[in-house]
Amino acid sequence: LKILLTTGATKLSVRDSLSVSGVVSGSLTASSTGAITQFGALKVTGATTLSGASVSLADTANDFSGQVIVMAGVTAISDANDLKVSLTTGETKLAARDSLSVSGGVSGPLTASSTGAITQFGTVKVTGATALTGASASLADTANDFSGQVTVTAGVTAISDANDLKISLTTGETKLSARDSLSVSGVVSGSLTASSTGAISQFGALQVAGATALTGASVSLADTANDF
């Protein structure tokens with residue numbers, strides 16, 4: 001089904017692929033056993049719920065005014081303004097021109113970029129690598145679980161993990177917390193506060209422009225290229 005919308009609240013359901021564009025003045029619910037894609041910008045004033053084998057709504061002119069809920073495999077979502085998205089997805093790429101708020105589970109890598117803040121409104125669990133680029137990044141829910149390496153390029157940053165956390169930083173003031181081990185590298189243009197009930201270690205040189213506070217069962221930051 002290929003459909004151009006100028007509608008109110010809308011529900012779409014197809015057995016195969018679904019391609020959509022247009023304006024929905026209300027909520028949009030779209031389900032497909034195949035891929036959900038677009039052939040032009042999509043604007044939805046209400047909530048958007050998407051269920052498909054994959055979802056690719058990556059046009060940078062999209063505008064999802066309400067929360068987006070995605071249940072799919074490989075997923076790409078872009079928004080020209082703010083984006084609030086709940087994920088039950090495979091490999092996922094998110095982009096917002098303003099703020100980006102996320103929750104849910106990603107079975108694969110997560111790439112999230114925003115010119116504004118990256119935040120969360122619920123627990124985030126990612127089985128693959130996580131890459132975050134934003135004006136700031138605050139994913140500090142203690143129930144978060146980042147199984148792969150986290151790479152952050154942002155200003156003020158706060159990241160928490162319920163288990164182990166391996167993180168590469170290009171950040172401003174930064175707070176890190178892990179229930180188990182914490183491994184870090186990168187550059188912090190501000191203060192660094194890192195806490196762990198396990199070991200604090202590194203997998204690359206660490207440079208911190210401000211004060212550094214470390215709390216852990218043990219601390220090993222012995223790279224000769226470190227600069228505190």
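Follow the hydrophobic side-chain contacts under 4.5 Å out from Val150 and you reach Leu221 in the same cluster. Note on Val55: it clusters hydrophobically with Leu12, by side-chain heavy-atom contacts below 4.5 Å among ILVMFWY residues. Taken together through direct or relayed side-chain contacts under 4.5 Å among Ile, Leu, Val, Met, Phe, Trp and Tyr, Val44 and Leu5 form part of one hydrophobic cluster. Linking ILVMFWY residues whenever their side-chain heavy atoms come closer than 4.5 Å, directly or via other members, leaves Ile69 and Val20 in distinct clusters. Each of Phe203 and Phe146 belongs to its own hydrophobic cluster when Ile, Leu, Val, Met, Phe, Trp and Tyr are linked at side-chain heavy-atom distances under 4.5 angstrom.
With rounding to the nearest 0.5 angstrom, the CG atom of Asp59 is 11.5 Å from the CD1 atom of Ile77. Residue Ser183 holds its OG atom at 10.5 Å from CD1 of Ile167, rounded to the nearest 0.5 Å. Put simply, OG on Ser136 and CD1 on Ile118 are 8.0 Å apart, with the number rounded to the nearest 0.5 Å. Atoms NZ and CG, on Lys43 and Asn81 in that order, are 8.5 Å from each other to the nearest 0.5 Å. Between atom CG of residue Leu50 and atom CE of residue Met71 there is a gap of 8.0 Å, rounded to the nearest 0.5 Å. Here the CD-CG distance, from Gln38 to Leu18, works out to 11.0 Å after rounding to the nearest 0.5 Å.
Between Val126 and Gly108, the shortest heavy-atom distance links the atoms CG1-O, 3.2 Å. Nearest heavy atom pair, residue Leu139 against residue Leu132, reads CD1-CD1, 3.6 Å. In terms of heavy-atom proximity, Ser160 sits nearest to Asn144 at O-CB, 3.2 Å. Closest approach of Gly8 to Val24, counting heavy atoms only: O-CG1, 3.2 Å. The two residues Phe228 and Thr212 have their closest heavy-atom pair at CD2-OG1, 3.6 Å. Scanning both residues, Ala41 and Ala61, for their nearest heavy atoms gives CB-CB, 3.9 Å.
For the pair Gln202 (side chain) and Ala222 (backbone), a donor-acceptor distance under 3.5 Å is present. Within the 3.5 Å criterion, the main-chain N or O of Asp63 finds no donor-acceptor partner in the side chain of Asp79. Side chain of Ser103 to backbone of Gly122: no donor-acceptor contact under 3.5 angstrom is found.
Under the side-chain hydrogen bond (donor to acceptor under 3.5 Å, both in side chains) criterion, Thr7 pairs with Thr10, not counting sequence neighbours. Scored by the side-chain hydrogen bond (donor to acceptor under 3.5 Å, both in side chains) test, Ser181 finds Asp164 as partners (sequence neighbours excluded).
Geometrically, Lys84 engages Phe121 in a cation-pi contact, judged by NZ or CZ lying under 6.0 Å from the ring centre and within 45° of the ring axis.
Only one option out of Thr153, Thr151, Val152 pairs with Thr133 in a side chain to side chain contact (heavy atoms under 4.5 Å, CB included); it is Thr153.
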Candidate pair Leu83 and Val68, rule side chain to side chain contact (heavy atoms under 4.5 Å, CB included), full reasoning = CA-CA 8 Å; Leu83 176 61; Val68 180; 4.0 Å; yes
Between Leu42 and Ser21, is a side chain to side chain contact (heavy atoms under 4.5 Å, CB included) present by the stated rule, with each step listed?
-> CA-CA 5 Å; Leu42 180 61; Ser21 72; 5.7 Å; no
Check the pair Val124, Leu87 against side chain to side chain contact (heavy atoms under 4.5 Å, CB included), reporting the backbone distance first and the verdict last.
-> CA-CA 9 Å; Val124 177; Leu87 302 167; over 6 Å; no
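Side-chain contact between Val85 and Leu94: present, with at least one pair of heavy atoms (C-beta onward) separated by less than 4.5 Å.
Residue pairs that meet the side-chain hydrogen bond (donor to acceptor under 3.5 Å, both in side chains) test with at least one member in residues 166-175, sequence neighbours left out, are Thr171-Thr174.
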